Amino acid sequence: MADTSLEDMPLEIISSDNKLTSALNNEQREAVEATQGAVLVLAGAGTGKTRVLTTRIAYILTNRLAYAGEILAVTFTNKAAREMAERVNSLTGSAQSLWQGTFHSIGARIVRRHAEKLGLTSSFTVLDTDDQLRLLKAILAEQKIDDKSLPPKLFSAIIQSWKDQGLTPEKVTNMQDSQSAGGHALTVYKLYQARLRSLNATDFGDLILHMLTLFTSYPEVLCEFASRFKYILVDEYQDTNDCQYQLTKLLAGQRAAFTA
């Protein structure tokens, strides 16, 4: 008999279908029970989008449409991720084997599995904002760039903007560079990324950009995860940046994707 990992085992469901959907209105119930094809929930703040998303996870598990390890559920803040996990736990009795969390935490999990392909080891560290600025300040000093007129925070913001667009240094155009920080931004970006690799480190933007790099440069890595996830659920989908959108699209492929 083939081995089955813990994350691929079905959760023990403690709520019936009726109990799961009894507190929902007709539109919410329709979204929860629509398990084929893409579903987009458009509603105002405080109208129960997250409740729909978490209830839909429980509904999928209740009906054995997927194992817990075949569901990817992402959101944007640690607070929202904790709330999502708590709600799923209250409905199912467990949320531990789901691929659930922020884009950054999911990125860290995937990147650590394939870190060597990015010139890192799986024990890489993630720099906080202060460490990023100190590293940039050192690079500016080495390049004899005046950090009073062109401060590290400016370069940090430019680099993060490029990463949000899914742009590695190789993809930044000459025009984009010439319009940023007096034409110094791309040079600093390249040096910054090289220094991060030498330190076996990333910043938070890299956790998503590196994931995109893995999926676009290594088809076998994309296949590993695109074939794994039968359902992809994105809370506050309208807030995705270019890089996050590209990731979601790559993972979903022709499969159903649910967004809220």
Side-chain angles (χ1 to χ4, degrees), residues 74-81 101-112 114-115 117-121 124-217 234-251 259:
V74 292
T75 188
F76 288 86
T77 67
N78 290 326
K79 180 181 178 181
T102 64
F103 273 101
H104 292 102
S105 66
I106 296 297
R109 188 173 175 180
I110 291 175
V111 170
R112 288 192 191 281
H114 297 282
K117 290 180 170 62
L118 300 162
L120 302 167
T121 73
F124 67 81
T125 58
V126 182
L127 301 189
D128 62 20
T129 301
D130 289 341
D131 287 334
Q132 293 172 43
L133 293 177
R134 277 192 288 270
L135 179 55
L136 285 167
K137 185 178 179 66
I139 292 171
L140 296 182
E142 293 168 4
Q143 294 298 303
K144 295 181 171 52
I145 298 172
D146 181 10
D147 64 5
K148 302 300 183 191
S149 58
L150 297 172
K153 284 187 177 181
L154 172 62
F155 287 94
S156 178
I158 293 169
I159 290 171
Q160 184 58 55
S161 174
W162 283 340
K163 290 182 178 182
D164 287 346
Q165 297 173 64
L167 299 176
T168 58
E170 296 74 24
K171 293 181 180 179
V172 176
T173 66
N174 290 333
M175 180 174 293
Q176 288 170 316
D177 180 36
S178 66
Q179 295 173 345
S180 304
H184 296 293
L186 181 55
T187 295
V188 172
Y189 187 13
K190 290 178 179 177
L191 292 171
Y192 175 69
Q193 293 301 105
R195 194 67 57 84
L196 286 175
R197 283 193 297 274
S198 70
L199 295 170
N200 192 37
T202 72
D203 61 22
F204 281 98
D206 281 330
L207 295 178
I208 299 175
L209 182 61
H210 283 341
M211 187 164 43
L212 182 61
T213 298
L214 284 171
F215 290 165
T216 54
S217 300
V234 183
D235 198 17
E236 304 296 348
Y237 182 72
Q238 74 281 354
D239 291 334
T240 54
N241 59 38
D242 290 346
C243 195
Q244 292 161 344
Y245 170 74
Q246 290 177 56
L247 283 171
T248 305
K249 186 176 180 180
L250 284 169
L251 283 171
T259 60

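Predicted model only: the values in this text are computed from it and were never measured.
Across Ala115 and Phe124, no two heavy atoms sit closer than the pair CB-CD2, 4.3 Å. Contact detail for Ile208 and Cys243: the closest heavy-atom pair is CG2-SG, 3.5 Å. Between Thr75 and Ala81 the shortest heavy-atom distance is CG2-N, 3.5 Å. When every heavy atom of Met211 is checked against every heavy atom of Val111, the shortest pair comes out as N-CG2, 3.9 Å. When all heavy atoms of Ile158 and Ala181 are compared, the pair lying nearest together is CD1-CB, 3.8 Å. Nearest heavy atoms, Phe155 versus Leu150: CE1-O, 3.5 Å.
Here the options are Thr168, Leu247, Leu250, the test is side-chain contact (heavy atoms from CB on, under 4.5 Å), and the partner is Thr216; only Leu250 passes.
Crowding of Lys153 atom NZ: a count of heavy atoms from other residues, nucleotides or ligands under 6.0 Å not exceeding 12. Within a 6.0 Å sphere centred on CG of Asn174, heavy atoms belonging to other residues, nucleotides or ligands number 12 at most.
Annotation: side chain of Trp162 is not in contact with side chain of Pro169 (no heavy-atom distance under 4.5 Å). In this structure, the side chains of Asp203 and Val126 stay at 4.5 Å or more apart for every pair of heavy atoms. Within the 4.5 Å cutoff, no side-chain heavy atoms of Thr102 are placed close to those of Val74. The shortest distance between side-chain heavy atoms of Asn241 and Gln165 does not fall below 4.5 Å.
With 3.5 Å as the limit, one finds no donor-acceptor pair spanning the side chains of Thr129 and Gln132. Lys163 and Gln193 share a donor-acceptor pair across their side chains, judged by distance under 3.5 Å alone. Gln246 and Asp242 share no donor-acceptor pair across their side chains, judged by distance under 3.5 Å alone. Judged purely by distance below 3.5 Å, without hydrogens or angles, the side chains of Asp177 and Tyr189 never pair a donor atom with an acceptor atom. No side-chain donor-acceptor contact under 3.5 Å links Thr248 and Gln244.
From Thr125, atom OG1 reaches atom CG of Leu199 across 7.5 Å, with rounding to the nearest 0.5 Å. If you take CZ on Arg134 and CG on Asp130, they are separated by 5.5 Å, rounding to the nearest 0.5 Å. The distance from atom CD1 of Ile110 to atom CG of Leu251, rounded to the nearest 0.5 Å, is 6.5 Å. The line from OG1 of Thr213 to CD of Glu170 is 8.5 Å long, rounded to the nearest 0.5 Å. Between the CG atom in Asp164 and the CG atom in Leu209 there is a gap of 9.5 Å [rounded to 0.5 Å]. How far NE2 of His210 is from CG of Leu120: 5.0 Å, rounded to the nearest 0.5 Å.
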Inset, instruction - With side chain to side chain contact (heavy atoms under 4.5 Å, CB included) as the test, would you mind laying out the steps for Leu135 and Leu196 before giving the verdict? - result: CA-CA 9 Å; Leu135 179 55; Leu196 286 175; 3.9 Å; yes
Inset, instruction - Go through Phe103 and Leu207 one step at a time and tell me if the side chain to side chain contact (heavy atoms under 4.5 Å, CB included) criterion holds. - result: CA-CA 8 Å; Phe103 273 101; Leu207 295 178; over 6 Å; no
Inset, instruction - Check the pair Thr187 / Ile139 against side chain to side chain contact (heavy atoms under 4.5 Å, CB included), numbers first and verdict last. - result: CA-CA 10 Å; Thr187 295; Ile139 292 171; over 6 Å; no
Inset, instruction - Could you walk me through whether Phe76 and Asp235 pass side chain to side chain contact (heavy atoms under 4.5 Å, CB included), step by step? - result: CA-CA 8 Å; Phe76 288 86; Asp235 198 17; 5.9 Å; no
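Ring geometry, His104 versus Phe204: the interplanar angle exceeds 60°, so the pair is classed perpendicular (tilted spans 30 to 60°).
Judged by distance alone, with hydrogens and angles left aside, the side-chain atoms of Gln176 form a donor-acceptor pair with the main-chain N or O of Thr173 at under 3.5 Å. Side-chain atoms of Thr240 come within 3.5 Å of backbone N or O of Tyr237 as a donor-acceptor pair.
Arg195 pairs by the side-chain hydrogen bond (donor to acceptor under 3.5 Å, both in side chains) definition with Glu142, not counting sequence neighbours.
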